[in-house]
Amino acid sequence: MGTGTSRLYSALAKTLNSSAASQHPEYLVSPDPEHLEPIDPKELLEECRAVLHTRPPRYQRDFVDLRTDCSSTHPPIRVMQWNILAQALGEGKDNFVQCPAEALKWEERKCLILEEILAYQPDILCLQEVDHYFDTFQPLLSRLGYQGTFFPKPWSPCLDVEHNNGPDGCALFFLQNRFKLINSANIRLTAMTLKTNQVAIAQTLECKESGRQFCIAVTHLKARTGWERFRSAQGCDLLQNLQNITQGAKIPLIVCGDFNAEPTEEVYKHFASSSLNLNSAYKLLSADGQSEPPYTTWKIRTSGECRHTLDYIWYSKHALNVRSALDLLTEEQIGPNRLPSFNYPSDHLSLVCDFSFTEESDGLL
């Protein structure tokens, strides 16, 4: 391995905490992205796979072509939505009784997460439960050409875990060679006028190829049964914020999130019936185009087995087309011990869609 590759391998193979940061400042203390040495994505992927050589290979997932026409002259916008599972929660709070502790070790789990991202090469990456932003994702993804924003929860449950790595929160990354940032808003969600522990990031981007603008948002709503009305109120607050940011749906919108809500919940219905004219992209994988996937998360805790559809990619159906969507892992691929596992680093599946602008949206911007 060359010198650069050796340093990269060293950064990946060690746990990136405060002590590691002092030993590897070239990777972890880089406020100015222009001074970072770029990484070849293929090289980083090879290094991840070297760290993971004792684990079973990742499962193949295929993109489903959903195009109804081929009129777009510009490359699609690939968006990835993923709750990556906060490391402190995975090891200290979530009680995944069928997942071996060895499978949750950060030294290898971070490489599984990076492998998933590198395999699909999203133009925009929307993440929840990020508690290793500053020591892992921001330094590495910035060297791959991404610009990142992180907004932590005000009272993250990660802070209750011994030897935690700081609060978890939402992160949004976009490729700087494809998009220009027009504006950015960090939103602390409210419910019944009360500020809550849940957050969102909303950014207006301009495509450098076409000059088109759109808004991308990421959020993570309140978890657990019994909090349905609370989630509904948070969703309404987010929709109101997005109404203002998109100038009443004049700017096309994509919203990614772990909503912690099944399609039967009020918050889902609010998004489906909003004046922002949103549709859920993953419904398009169903036979009738109207049904969400049977699950986006599947785990076994001490309280029992949990199989739910909680994660969504919403988009402006008047302004955007879904060209393709990444199919989900099958029950057979997930396996009897469910998620996370040696094969897959999170209890939630990543969602990936390719979008293009409709011709009708030309006059909107």
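Under a 3.5 Å cut-off, the side chain of Gln234 and the backbone N or O of Lys222 do form a donor-acceptor pair. Counting only distance, with no hydrogens or angles, the side chain of Ser286 and the backbone of Lys283 share a donor-acceptor pair below 3.5 Å. At distances below 3.5 Å, not a single donor-acceptor pair connects side-chain atoms of Asn186 with backbone N or O atoms of Phe151. For the pair Arg323 (side chain) and Ser356 (backbone), a donor-acceptor distance under 3.5 Å is absent. No side-chain donor-acceptor contact under 3.5 Å links Asp168 to the backbone of Val130.
Geometrically, Arg78 engages Phe63 in a cation-pi contact, judged by NZ or CZ lying under 6.0 Å from the ring centre and within 45° of the ring axis.
Residues Trp314 and Tyr268 bring their aromatic ring centres within 6.0 Å. Under the 6.0 Å cut-off for aromatic ring centres, Phe173 and Tyr133 qualify, their centroids lying closer than that. You'll find the ring centres of Phe355 and Tyr315 inside the 6.0 Å limit. Ring centers of His348 and Trp82: at least 6.0 Å apart, outside the cut-off.
A salt bridge links Arg61 to Glu116: at least one charged side-chain nitrogen sits closer than 4.0 Å to a carboxylate oxygen. Between Arg49 and Glu115 a salt bridge is recorded (basic side-chain N to carboxylate O distance below 4.0 Å). Electrostatic pairing of Glu265 and Arg231 counts as a salt bridge here, judged by a charged N lying under 4.0 Å from a carboxylate O. A salt bridge links Arg67 with Asp65: the closest approach of a Lys/Arg side-chain nitrogen to an acidic carboxylate oxygen falls below 4.0 angstrom.
Classified by interplanar angle (parallel below 30°, tilted 30° to 60°, perpendicular above 60°), the ring pair Phe271/Phe259 is perpendicular. Between Trp227 and Phe230, the two ring planes are perpendicular [angle over 60°; tilted spans 30° to 60°].
Counting only heavy atoms from C-beta outward, the side chains of Ile187 and Val199 never approach each other to under 4.5 Å. Side-chain contact check for Asp258 versus Tyr312: every heavy-atom pair is 4.5 Å or farther apart.
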Going through the distances and angles, do Asp354 and Ile77 end up as a side chain to side chain contact (heavy atoms under 4.5 Å, CB included)? CA-CA 5 Å; Asp354 289 335; Ile77 299 167; over 6 Å; no
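Applying the ring pair (Phe, Tyr, Trp, His ring centres under 6.0 Å) test to Tyr146 and every residue at least two apart in sequence or in another chain returns nothing.
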